[in-house]
Q: 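Quick one: the structure is below, and I'll ask about it shortly.
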Amino acid sequence: MVKIAVVDDEEQERKTLSQYFMELQKELGEELKVQTYASGEEFLPAYDESFSLVCLDIDLDGMDGLDTAKRLREMDNEVTIIFVTNMAQMAIRGYEVRALDFVVKPVNYYSFAMKMKSALSIIGNKKSRNIVVTTPYGIQKFSTDHLYYVEVEGHYLYYHTDEGEFKQKASMKELEDKLAGLSFKRCNNCYLVNLKYVDCVNKDDIKVGGQWLKISRPRKKEFLQSLANYMGGVSL
């Protein structure tokens, strides 16, 4: 689920963007939760880090969109900001708050969908989840941000992380389902790789977290395409 804030002082604009996000949700098959705000003053006190995307008008009553974005950056340095505005000449100042992009009003669905699909792809690559593993010494919790790759052997999974290796009785299919939407891809039947940590590709081998792993022929095309898509959205 991706939580989105729409900040615009015109009610019809808020309704239009909310409707567009619902259409996009059907198109992508991904749950999008939209909350709307009529001003920066209303939005900022309600903000928390559960939001992944903020669509922000620039020409707002009271505090304008740029000032709202600056205040937002003081609270959260990572959330994705997109300006939705009829002030295209001002939108170029988005670099000041590291805005990802801008959409010019009046907004049509095609332009909206193209921009938001790109944004959601980047957001998806940034997301992480926690994994809890039972070890002989107790419980170990770590973020997928720290997970290089997962290896399956028999009925056990071996998690290779920057904190060491952890073993758990589980199936790779169950783990793949849990990590759906994140930057993980199988390079062969034995390994599920975090694309974030792929350092090198050499013919049928990849280097991940300092280890060389094999890419199987049946999975090679799909894996390399996923890696190219990931690298196009995120700087490694």
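Just so you know, these numbers use all the heavy atoms, side chains as well, and skip hydrogens, waters and symmetry mates.
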Q: Donor-acceptor check, side chain of Lys169 to backbone of His155, threshold 3.5 angstrom: yes or no?
A: no
Q: Taking the side chain as every heavy atom from C-beta outward, state whether Asn189 and Arg186 have any atom pair closer than 4.5 Å.
A: yes
Q: Are the side chain of Thr16 and the backbone N or O of Gln12 linked by a donor-acceptor pair below 3.5 Å?
A: yes
Q: Under a 4.5 Å side-chain heavy-atom rule over Ile, Leu, Val, Met, Phe, Trp and Tyr, are Met75 and Phe43 clustered together?
A: yes
Q: If the threshold is 4.0 Å, N to carboxylate O, is there a salt bridge linking Glu96 and Arg73?
A: no
Q: Measure across Val2 and Ser52 and return the closest heavy-atom pair with its distance rounded to 0.1 Å.
A: CG1-CB, 3.8 Å
Q: Considering only heavy atoms from C-beta outward, does the side chain of Glu30 approach that of Leu24 to under 4.5 Å?
A: no
Q: Closest heavy-atom contact between Thr36 and Ser18?
A: CG2-OG, 3.4 Å
Q: Taking the side chain as every heavy atom from C-beta outward, state whether Gln19 and Glu23 have any atom pair closer than 4.5 Å.
A: yes
Q: Thinking salt bridges, do Lys173 and Asp177 make one under a 4.0 Å N-O criterion?
A: yes
Q: To the nearest 0.5 Å, tell me how far Ile4 CD1 sits from Leu32 CG.
A: 4.5 Å
Q: Below 4.0 angstrom, N of the basic side chain to O of the carboxylate: do Asp8 and Lys105 qualify?
A: yes
Q: State the OG-CE distance between Ser111 and Met116, to the nearest 0.5 angstrom.
A: 8.5 Å
Q: Please report the shortest heavy-atom distance between Val193 and Tyr149, naming the atom on each side.
A: CA-CB, 4.0 Å
Q: Please tell me if the side chains of Val84 and Phe112 come closer than 4.5 Å, counting only heavy atoms from C-beta onward.
A: no
Q: Are the side chains of Leu227 and Lys185 in touch, meaning some heavy atoms are under 4.5 Å apart?
A: no
Q: Taking the side chain as every heavy atom from C-beta outward, state whether Arg98 and Ile81 have any atom pair closer than 4.5 Å.
A: no
Q: Please determine whether residues Val79 and Met63 belong to a single hydrophobic cluster, defined as Ile, Leu, Val, Met, Phe, Trp and Tyr linked transitively by side-chain heavy-atom distances below 4.5 Å.
A: yes
Q: Which is it for Met90 and Asp59 under the side-chain contact (heavy atoms from CB on, under 4.5 Å) test, yes or no, and what are the steps along the way?
A: CA-CA 9 Å; Met90 294 292 291; Asp59 188 19; over 6 Å; no
Q: With under 30° as parallel and over 60° as perpendicular, where do the rings of Tyr20 and Tyr109 fit, or are they tilted in between?
A: perpendicular
Q: Over all heavy atoms of both residues, which pair between Val132 and Gln168 is shortest? Give the atoms and the distance, please.
A: O-NE2, 3.4 Å
Q: Identify the residue among Thr161, Asn130, Ile131 that makes a side-chain contact (heavy atoms from CB on, under 4.5 Å) with Thr144.
A: Ile131
Q: Would you say Ile58 ends up clustered with Val97 if hydrophobic residues are merged whenever their side chains have heavy atoms under 4.5 Å apart, either directly or through other cluster members?
A: yes
Q: Between Val152 and Leu175, is any pair of side-chain heavy atoms under 4.5 Å apart?
A: no
Q: Examine distances only and state if a side-chain atom of Ser39 and a backbone atom of Glu42 form a donor-acceptor pair shorter than 3.5 Å.
A: yes
Q: Taking everything shown except Glu11 itself, do over 12 heavy atoms lie less than 6.0 Å from its CD?
A: no
Q: According to a 4.5 Å side-chain heavy-atom criterion applied to Ile, Leu, Val, Met, Phe, Trp and Tyr, with indirect links allowed, do Leu192 and Tyr158 form part of one hydrophobic cluster?
A: no
Q: Are Val104 and Val54 connected, step by step, through hydrophobic side chains (Ile, Leu, Val, Met, Phe, Trp, Tyr) whose heavy atoms are closer than 4.5 Å?
A: yes
Q: Grab the two heavy atoms, one from Asn194 and one from Ser183, that are nearest each other, plus how far apart they are.
A: OD1-OG, 3.1 Å
Q: Nearest heavy-atom pair of Tyr37 and Ala46: which atoms, and what distance?
A: CE2-CB, 3.7 Å
Q: Quick one: pull up OH in Tyr148 and NE2 in His160 and give me the separation to the nearest 0.5 Å.
A: 11.5 Å
Q: Distance check, rounded to the nearest 0.5 Å: Phe83 atom CZ versus Leu66 atom CG?
A: 4.5 Å
Q: Taking atom CZ of Arg71 as the centre, does the number of heavy atoms from other residues, nucleotides or ligands within less than 6.0 Å exceed 12?
A: no
Q: Using 0.5 Å steps for rounding, measure from the OH atom of Tyr191 to the CZ atom of Phe223.
A: 12.5 Å
Q: Does any N or O in the side chain of Asp57 come within less than 3.5 Å of the main-chain N or O of Leu60, such that one atom is a donor and the other an acceptor?
A: no
Q: Please assess Asp162 against Phe142 for the test side-chain contact (heavy atoms from CB on, under 4.5 Å), listing each intermediate value before the final yes or no.
A: CA-CA 10 Å; Asp162 60 5; Phe142 54 87; over 6 Å; no
Q: Rounded at 0.5 Å granularity, tell me how far CD in Glu27 sits from CE in Met22.
A: 13.0 Å
Q: Could you tell me whether the side chain of Gln35 reaches within less than 4.5 Å of the side chain of Lys33, counting heavy atoms only?
A: yes
Q: Identify all side-chain donor-acceptor contacts of residues 201-218 below 3.5 Å with residues at least two apart in sequence or on another chain.
A:
{"from": "Asp204", "atom 1": "OD1", "to": "Lys220", "atom 2": "NZ", "distance (Å)": "2.8"}
{"from": "Asp205", "atom 1": "OD1", "to": "Lys214", "atom 2": "NZ", "distance (Å)": "3.2"}

Q: Answer yes or no: are there more than 12 heavy-atom neighbours, outside Glu153 itself, under 6.0 Å from its atom CD?
A: no
